[in-house]
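Structure first, then comments.
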Amino acid sequence: MCSSCSTADTPASAVAQPRLASVLTQILASLNSLESSYKSLSDKIDSLSASSASAILSVEKRLEALESASTAVPDLTPSLSSMTEPSPPISPRLLADVAVESADINSKNEKTDSLTSEQEAFSAMRDCVILTTYPDQPGISPIPLSWGAPDPQLRGPIVVSHNKATIGRRNAIGAHSGSYGIYHALAVAMNEIDVNHKPDFSNAEPTVQIGPYPQWSDPEKIVGMDPFGHIAPWIYKDFLDSGIEIRPSIAVTKAHMRLPEIEAQVKSGSLKIDGKIVLNSHGDLAVTKVAVEPVWFLPGVAKRFGVDEITLRRALFEDTGGSYPELITRPDIKVFLPPIGGMTAYIFGDPAKTADPNVRLALRVHDECNGSDVFGSDICTCKPYLIFGISEAVKEAQGGGSGVVVYFRKEGRALGEVTKYLVYNARKRMGDSAAEYFKRTENIAGVKDMRFQALMPDILHFLGITKIDRMLSMSNMKYDAIVGQGIPIHERVPIPDDMIPDDSRVEIDAKIHSGYFTSGRVPTMDDLMRVKGRQWEDVTH
Ligand SMILES: Nc1nc2c(ncn2[C@@H]2O[C@H](COP(=O)(O)OP(=O)(O)OP(=O)(O)O)[C@@H](O)[C@H]2O)c(=O)[nH]1
Ligand SMILES: [Zn+2]
């Protein structure tokens, strides 16, 4: 018996046997687990090798496809000039990749051919989808452009077309015709237009000479339009004759216009017939019209908006869904033709007078409000102010001065008509109040106004305007932009009270409260709370 416990003594061998058995059991369990790990590992290896085999197969297939494509696609390396055969049908995606890759390779190669053959070679790539270009790519040689140079020949033409003769020589990004460029693309897609159509501009010249004015040769005064845009095809005829596509971005014409409101003013005697500007008892008006498409000199536009050029380019690229990669890859190209609406200047009286500092000038700058301007909606003061602007401009011209109305395509404060109508709904459903007028727009759009009037005065510089005697506008934003461009405004003329439609009191009081000019009292916040628009429930039909 053990002295320390009550158990009986047992021989050593009898103790060792069960221990050995337990160790053996453990070894067996480890071997089993090792075996199952090995099995799962080998399963994994099997599946891995199967997938890598299929990956290799797919790479091989892609290589085969690429090989067959590169033999099917005519050679895109420096001897591109040999590419005259039409491409066989290949996936456009693949074609684009090959074109870009090849263009990239080209850009790394030394220039071996003469410039002309490189340009021809690049032009030949027009048959491929070119996603973007680079400044040092062979075949890229933009026609020199010196924005603000007084001599148009030194300034150089704006060249933006992607046609074969022009694609490598472009000095501008985008397309002509502003937002209508998309319709041109549709015509191309449907084969309704020959992409190489040469416009016949005979007899399309401006009906009057405008300028040249000193403002045209100041690179900072005009940055949002081309001051030679109305005469481009004629002054750059040599380029046109050599196959470079040049299009006017401005057109100048003359017309008669008839508006019922003007006719009523003639009938009431407040507007006199003079036979030159007011032509007859219907109030027909003789007018010179200048249609302008936007042409942006990016460094100048960036400066006007107080941002740097790179930030502007990046925002324009990214916020348009990556529509213009050259904004990023071609910092050497400084001009952009944006896909937005332009403007039309209506000039009453002799157009040469707009630039004469000794002659009085009345001006209305108006931003589009289709619902009011054309369809007579009474929720805002747009149409009445436009009519007032036209009749005051006409009176100024009749008195020996000059009258100008500029109509900008900036619908709904450049937020668009859809946003504007959403705002109208919110206003009317929430008890349309002057106190909440701008808040409703801001809630929906994130901003109350996107017109950013900074580029607006360009048209005034284009017309040689150096001062404004009567500004038919209450907008502080228009005023600040014009005066900021060094054009003094001598008198600001608000819309007469009797021309303000009832339902637009909300808008006009909110505007005056926010800083719009008034010759009367500025309404307080308490006043604004009391000014209510028509409620939908008030409408009986
Ligand atoms: N988003 C939004 N836009 C509006 C609303 N009412 C009018 N507009 C737009 O506001 C702009 C008015 O422009 P203008 O008629 O030139 O007037 P203004 O710049 O406000 O100033 P004035 O020169 O004093 O008339 C147009 O683009 C209209 O389409 C509205 O409720 N919401
Ligand atoms: Zn309006």
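In listed order, ligands and their atoms are each counted from 1.
For the side-chain contact (heavy atoms from CB on, under 4.5 Å) test with Leu386, the passing option among Ile495, Leu472, Val405 is Val405; the others fail. The only option from Ile173, Leu312, Thr320, Thr132 that meets the side-chain contact (heavy atoms from CB on, under 4.5 Å) definition with Leu327 turns out to be Ile173. Under the side-chain contact (heavy atoms from CB on, under 4.5 Å) test applied with Val406, the options Thr344, Leu363, Asp367 reduce to a single match, Leu363.
Of all atoms in ligand 1, listed by their number and element, those nearer than 4.0 Å to a heavy atom of Arg427 are 31 (O). For ligand 1, the atoms lying closer than 4.0 Å to a non-hydrogen atom of Tyr424 are 5 (C), 6 (N), 30 (C), 31 (O).
Nearest protein heavy-atom contact of atom 12 (C) of ligand 1 is Arg451 NH1, 3.7 Å. Looking from atom 15 (O) of ligand 1 to the surrounding protein, the closest heavy atom is Arg364 NH2, 3.2 Å. Of all protein heavy atoms, the one closest to atom 9 (C) of ligand 1 is Arg413 N, 3.5 Å. At the top of the distance list for atom 26 (C) of ligand 1, counting protein heavy atoms only, stands Glu368 O, 3.2 Å. Nearest protein heavy-atom neighbour of atom 8 (N) of ligand 1: Lys420 CD, 3.9 Å. The single protein non-hydrogen atom nearest to atom 18 (P) of ligand 1 is Tyr516 OH, 3.4 Å, given as residue, atom name and distance. The protein non-hydrogen atom at the shortest distance from atom 7 (C) of ligand 1 is Glu507 OE2, 3.6 Å. Considering only non-hydrogen protein atoms, atom 16 (O) of ligand 1 sits nearest to Lys478 NZ, 2.6 Å.
Counting only protein N, O or S atoms closer than 2.8 Å to the Zn ion (ligand 2) gives 3.
Arg451 forms no cation-pi arrangement with Phe408, by the criterion of a distance under 6.0 Å to the ring centre and an angle within 45° of the ring axis. Under the 6.0 Å distance and 45° angle rule, Arg155 does not count as a cation-pi partner of Phe228.
Ligand 1 has Lys511 within reach: a non-hydrogen atom of the residue lies less than 4.0 Å from it.
The two residues Trp147 and Ile222 come nearest to each other via the heavy atoms NE1-O, 2.9 Å. Between Val335 and Leu145 the shortest heavy-atom distance is CG2-CD2, 3.3 Å. When all heavy atoms are compared, the tightest approach of Phe201 to Pro248 is CZ-CD, 3.4 Å.
Between Asp469 and Lys467, at least one side-chain nitrogen of the basic residue sits less than 4.0 Å from a carboxylate oxygen of the acidic one, meeting the salt-bridge criterion. A salt bridge is absent between Arg427 and Asp503; no separation between the charged side-chain nitrogens and carboxylate oxygens falls under 4.0 Å. Under the 4.0 Å criterion applied to side-chain N and carboxylate O atoms, Glu245 and Lys198 are not assigned as salt-bridge partners. One finds no salt bridge joining Glu442 and Lys439 here, because no Lys/Arg side-chain nitrogen approaches an Asp/Glu carboxylate oxygen to under 4.0 Å. The residues Arg470 and Glu392 are annotated as salt-bridged, a charged nitrogen and a carboxylate oxygen being separated by less than 4.0 angstrom. Electrostatic pairing of Lys420 and Glu411 counts as a salt bridge here, judged by a charged N lying under 4.0 Å from a carboxylate O.
For ligand 1, the polar-atom distance check finds an N/O of Met474 within less than 3.5 Å of one of the ligand's N/O atoms. Checked by distance only, ligand 1 and Gly412 come closer than 3.5 Å through their nitrogen or oxygen atoms. Between Tyr385 and ligand 1, a contact under 3.5 Å exists for no N or O pair.
For Leu415, every heavy-atom contact with ligand 1 shorter than 4.0 Å involves the side chain, none the backbone. Looking at Arg440 against ligand 1, nothing comes within 4.0 Å, counting heavy atoms. The residue Phe517 has no part lying near ligand 1, judged by heavy-atom distances below 4.0 Å.
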